[in-house]
Amino acid sequence: MSCPDCFTGHVHDGTPKGNVTTLHGLDVYVSEPSIPAEQVRGIVVIIPDAFGWEFVNNRLLADNYAAKGGFRVYLPDFMKGTAAPVWAIDSVRAVMRTASLYDWLVKPYHIASAATALVPFILTNRPAKSYPIVSAFFEALRKSPEGSNLPVGAAGFCWGGKHTLLLARGDSITVNGAKKALIDAGFTGHPSLLEIPGDIEQTTLPVSYALGDLDNNLKGKQIEALQRVVEGKEDDEVKVYVGAGHGFCVRADTNAEESGRQAVEAEDQAVEFFRKWFDRASS
């Protein structure tokens, strides 16, 4: 989580359709597809960006996955109340402005404001501290009746992307006397905090990557290195979105035709990948 783009973007219009509950020790936003329960294809758990489980964009994304894929979608509060506040988007945007003298005069105020919002998130949610929370949720889900009977996928964005790749290493638990991986497949959009090629090399489960070629967090040479590793993994896929920057899967300007289209394409990429691997896991 090292670039300002992790905390910038656009807040989307819309009213989430799901419900909030407590599940496996965490508050969770739940979005159900409009189909009979026995026809649900699997469970997708969203590991969100820095703005967390209450961010409207993330909840609308959960609704879209449920509607398009026939999935039950969980968006847990993995940050336990320490997500970056949405108003930080405006603070970071103000810090980056340099067009006028006024922009420079008020910059110290906005820097202090942004630091107040973001430093606690960064310190509290380092992967070494947050991944045990994430993996514990997936372990409890796998041991539950629904998680042991349905395929499970992880969709991670920005901060959540690192956690998705850690899950995709294939760590397993014993469920009903048999070893079972915590997830069946993973998807990540504009991940941050990655160690390349190490994090990619260590995955053993199918992963789909949605990357922007203008992502300041994952630059061109890093994308090329990632692609070289993925070429040796027949179950993985990479799609690079030309002209897209960091955050395009979640915080795109949907009023701009190109960025709105790419956000939808990334949704469809994730949905099709999960459907493919959920069908295989269920067969």
Side-chain angles (χ1 to χ4, degrees), residues 24 40-48 65 69-76 78 127 130-144 146-211 218 222-223 225-240 249 266-283:
H24 308 308
V40 171
R41 286 176 173 267
I43 301 167
V44 173
V45 181
I46 293 179
I47 313 175
Y65 280 2
F71 311 134
R72 178 173 298 126
V73 183
Y74 293 146
L75 173 56
F78 289 123
S130 56
Y131 183 67
I133 298 170
V134 172
S135 61
F137 181 88
F138 279 88
E139 288 183 16
L141 176 60
R142 267 302 196 203
K143 291 177 180 178
S144 70
E146 62 168 356
S148 60
N149 292 317
L150 287 172
V152 174
F157 301 90
C158 192
W159 176 85
K162 173 80 170 186
H163 298 79
T164 296
L165 295 188
L166 293 175
L167 290 166
R169 293 178 305 186
D171 294 345
S172 61
I173 58 173
T174 300
V175 180
N176 297 328
K179 288 287 187 180
K180 203 161 191 175
L182 297 182
I183 62 173
D184 293 286
F187 168 84
T188 181
H190 47 82
S192 62
L193 301 171
L194 297 190
E195 296 178 16
I196 297 176
D199 283 340
I200 318 303
E201 292 173 336
Q202 293 180 48
T203 63
T204 63
L205 301 173
V207 179
S208 177
Y209 300 82
L211 310 175
L218 195 63
Q222 292 174 300
I223 291 177
L226 185 152
Q227 289 175 309
R228 286 194 293 271
V229 176
V230 169
E231 285 174 358
K233 295 173 177 280
E234 61 179 345
D235 295 335
D236 290 10
E237 66 178 23
V238 179
K239 182 172 181 180
V240 179
C249 295
E267 281 183 15
D268 293 341
Q269 176 185 339
V271 167
E272 290 306 313
F273 193 75
F274 284 129
R275 291 184 71 169
K276 171 184 175 180
W277 288 101
F278 285 4
D279 287 348
R280 293 192 184 187
S282 299
S283 62

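Values below: every heavy atom of this structure, side chains too, minus hydrogens, waters and symmetry copies. Bear in mind that the values here come from a model prediction, so they are computed numbers and not experimental data.
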Problem set entry | Partner residues of His190 under the side chain to side chain donor-acceptor pair (under 3.5 Å) criterion, sequence neighbours left out | none
Exercise. Given Val44, which of Tyr74, Phe187, Tyr65 fulfils the side chain to side chain contact (heavy atoms under 4.5 Å, CB included) condition?
Worked result: Tyr65
Exercise. side-chain contact (heavy atoms from CB on, under 4.5 Å) with Arg169: which residues, sequence neighbours excluded?
Worked result: Tyr131, Leu166, Asp171, Gln202
Problem set entry | Over all atoms of both residues, closest heavy-atom pair of Ala225 and Ile196 | CB-CG2, 3.8 Å
Problem set entry | Check: Arg228 and Pro197 side chains under 4.5 Å, non-hydrogen atoms | no
Seminar exercise, completed: Rounding to 0.5 Å, atoms OG (Ser135) and CG (Leu167) come to a distance of 7.0 Å
Problem set entry | Min side-chain heavy-atom separation Gln222-Leu194 under 4.5 Å | no
Problem set entry | Under the side-chain contact (heavy atoms from CB on, under 4.5 Å) test, residues paired with Asp279 that sit two or more places apart | Arg41
Exercise. Do the non-hydrogen side-chain atoms of Pro48 and Phe78 ever get within less than 4.5 Å of each other?
Worked result: yes
For this session: Apply side-chain contact (heavy atoms from CB on, under 4.5 Å) to Ile173 and Phe138, showing your working.
Result: CA-CA 10 Å; Ile173 58 173; Phe138 279 88; over 6 Å; no
Exercise. With a 4.5 Å limit on heavy-atom distance, are the side chains of Leu211 and Pro191 in contact?
Worked result: yes
Exercise. So do Leu165 and Tyr209 actually touch side chain to side chain, heavy atoms under 4.5 Å?
Worked result: yes
For this session: Apply side chain to side chain donor-acceptor pair (under 3.5 Å) to Lys233 and list each qualifying residue two or more places apart in sequence or on a separate chain.
Result: Thr203
Exercise. Quick one: NZ on Lys276 to CD on Glu237, what's the gap to the nearest 0.5 Å?
Worked result: 6.5 Å
For this session: Measure the spacing between CG of Leu141 and OG of Ser148 and express it to the nearest 0.5 Å.
Result: 9.0 Å
Problem set entry | The single option from Ile43, Val271, Val40 passing side chain to side chain contact (heavy atoms under 4.5 Å, CB included) against Phe71 | Val271
Problem set entry | Summary of side-chain hydrogen bond (donor to acceptor under 3.5 Å, both in side chains) pairs that have at least one residue in residues 172-188, sequence neighbours excluded | Arg142-Asp184
For this session: Check the pair Ile46 / Phe157 against side-chain contact (heavy atoms from CB on, under 4.5 Å), numbers first and verdict last.
Result: CA-CA 8 Å; Ile46 293 179; Phe157 301 90; 4.2 Å; yes
Problem set entry | Pairs meeting criterion salt bridge (charged side-chain N to carboxylate O under 4.0 Å, His left out) with involvement of residues 197-208, two or more places apart | Lys162-Asp199
Exercise. Of all heavy-atom pairs between Cys249 and Gly189, which one has the smallest distance, and what is that distance?
Worked result: SG-CA, 3.8 Å
Problem set entry | Atom of Pro206, atom of Asp236 and distance for their closest heavy-atom approach | CA-OD1, 3.5 Å
Exercise. Got Glu139 and Leu182 here, is their nearest side-chain heavy-atom distance under 4.5 Å?
Worked result: yes
Problem set entry | Heavy-atom pair with the smallest gap, counting every atom of Ala155 and Thr164 | C-OG1, 3.9 Å
For this session: Kindly give the heavy-atom pair with the smallest separation between Pro151 and Ser282, and that separation in Å.
Result: CG-OG, 3.3 Å
Exercise. So do the side chains of Trp277 and Asp235 get within less than 4.5 Å of each other, counting heavy atoms only?
Worked result: yes
Exercise. Which heavy-atom pair separates Phe273 from Ala185 by the least distance, and what is that distance?
Worked result: CE2-CB, 4.1 Å
